[in-house]
Visitor: 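I'd like to ask you about the structure that follows.
We're numbering straight along the sequence, starting at 1. Computed from a predicted structure; not experimentally measured.
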Amino acid sequence: GGGDVLDEERLLAGFALLAGTAGQETEKWAPLCRACAEELEGRLRRDADREDERVYLAAAAEAAYRRAMILHSGQSGLNFSGPGLSVTANGGHGEDLRRLRDEMLALCSGLLEDDVVFSAV
């Protein structure tokens with residue numbers, strides 16, 4: 001017990017790096033990061049090392065990808081326009097993040113239960 005909760009500072013540091021956020025902007029997405037981390041933790045094998053850097057990177061990549069989808073879904077009533085962040089719905093940054101997320105998850109594959117696979121939608 002106690003050791004099976006991901007370190008939020010490490011998680012947010014990875015997220016900030018991948019999502020290009022800083023300070024309060026990063027903090028704002030902490031709940032999303034936690035949700036992604038919990039989801040990933042639920043898929044880890046019992047004997048997997050939860051302190052493994054790959055777990056943090058995969059959770060951070062998932063959160064960064066979801067943030068991009070949220071920001072650029074077009075259905076969002078919120079209008080975020082970050083400096084230098086113009087993301088087109090048909091590819092661009094979001095597509096890069098999706099590939100990154102998939103690669104990070106692939107790196108984690110040895111740590112995850114085999115029978116659970118993200119459905120490619």
Visitor: Looking at every non-hydrogen atom in both residues, tell me the closest pair between F15 and C33 and how far apart they are.
Guide: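 Between these two residues, the closest heavy atoms are CG-SG, 3.4 Å.
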Visitor: Does R50 reach the main-chain N or O of L44 with its side chain, forming a donor-acceptor pair under 3.5 Å?
Guide: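 No.
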Visitor: Using side-chain heavy atoms (C-beta onward) and a distance below 4.5 Å, is T21 in contact with R67?
Guide: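 SC-SC contact between T21 and R67 confirmed.
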Visitor: Could you walk me through whether D96 and R99 pass the salt bridge (charged side-chain N to carboxylate O under 4.0 Å, His left out) test, one step at a time?
Guide: CA-CA 5 Å; D96 293 342; R99 269 202 306 276; 2.8 Å; yes
Visitor: Give me the atom names and distance for the closest heavy-atom approach of A59 to A37.
Guide: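 Smallest interatomic distance, heavy atoms only, reads CB-CA, 3.8 Å.
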Visitor: Do you know the tightest heavy-atom contact between L6 and E41?
Guide: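 Closest heavy-atom pair between L6 and E41: N-OE2, 3.7 Å.
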Visitor: Taking the side chain as every heavy atom from C-beta outward, state whether E51 and R10 have any pair of such atoms under 4.5 Å apart.
Guide: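 When only atoms from C-beta onward are counted, R10 and E51 do touch, with a gap below 4.5 Å.
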Visitor: Specify the closest pair of heavy atoms between L97 and A64, including all atoms of both residues, with the distance to one decimal.
Guide: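 Looking at all heavy atoms of both residues, the closest pair is CD1-O, 3.6 Å.
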Visitor: Is any side-chain heavy atom of V55 closer than 4.5 Å to a side-chain heavy atom of D49?
Guide: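 V55 does not reach D49 side chain to side chain.
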Visitor: Would you call E62 and L40 a side-chain contact if the rule is heavy atoms closer than 4.5 Å?
Guide: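 No, every pair of side-chain atoms sits at 4.5 Å or beyond.
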Visitor: When you check the gap from the basic side-chain N to the acidic O, do R43 and E113 get nearer than 4.0 Å?
Guide: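 No, no charged N to carboxylate O under 4.0 Å.
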Visitor: Would you say the side chain of L107 lies within less than 4.5 Å of the side chain of L57, judging by non-hydrogen atoms?
Guide: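 Sidechains of L107 and L57: no contact.
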Visitor: Any salt bridge between R45 and D47, counting N to O under 4.0 Å?
Guide: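 Between D47 and R45 there is no salt bridge, as every charged N stays at least 4.0 Å from the carboxylate O atoms.
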Visitor: Identify the two heavy atoms, one from L12 and one from T26, that lie closest to each other, and give their separation to 0.1 Å.
Guide: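 Looking at all heavy atoms of both residues, the closest pair is O-CG2, 3.8 Å.
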Visitor: Ignoring hydrogens and geometry, is there a side-chain-to-backbone donor-acceptor pair from Y56 to D7 under 3.5 Å?
Guide: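 Indeed, once roles are kept as given, a pair shorter than 3.5 Å links the two residues.
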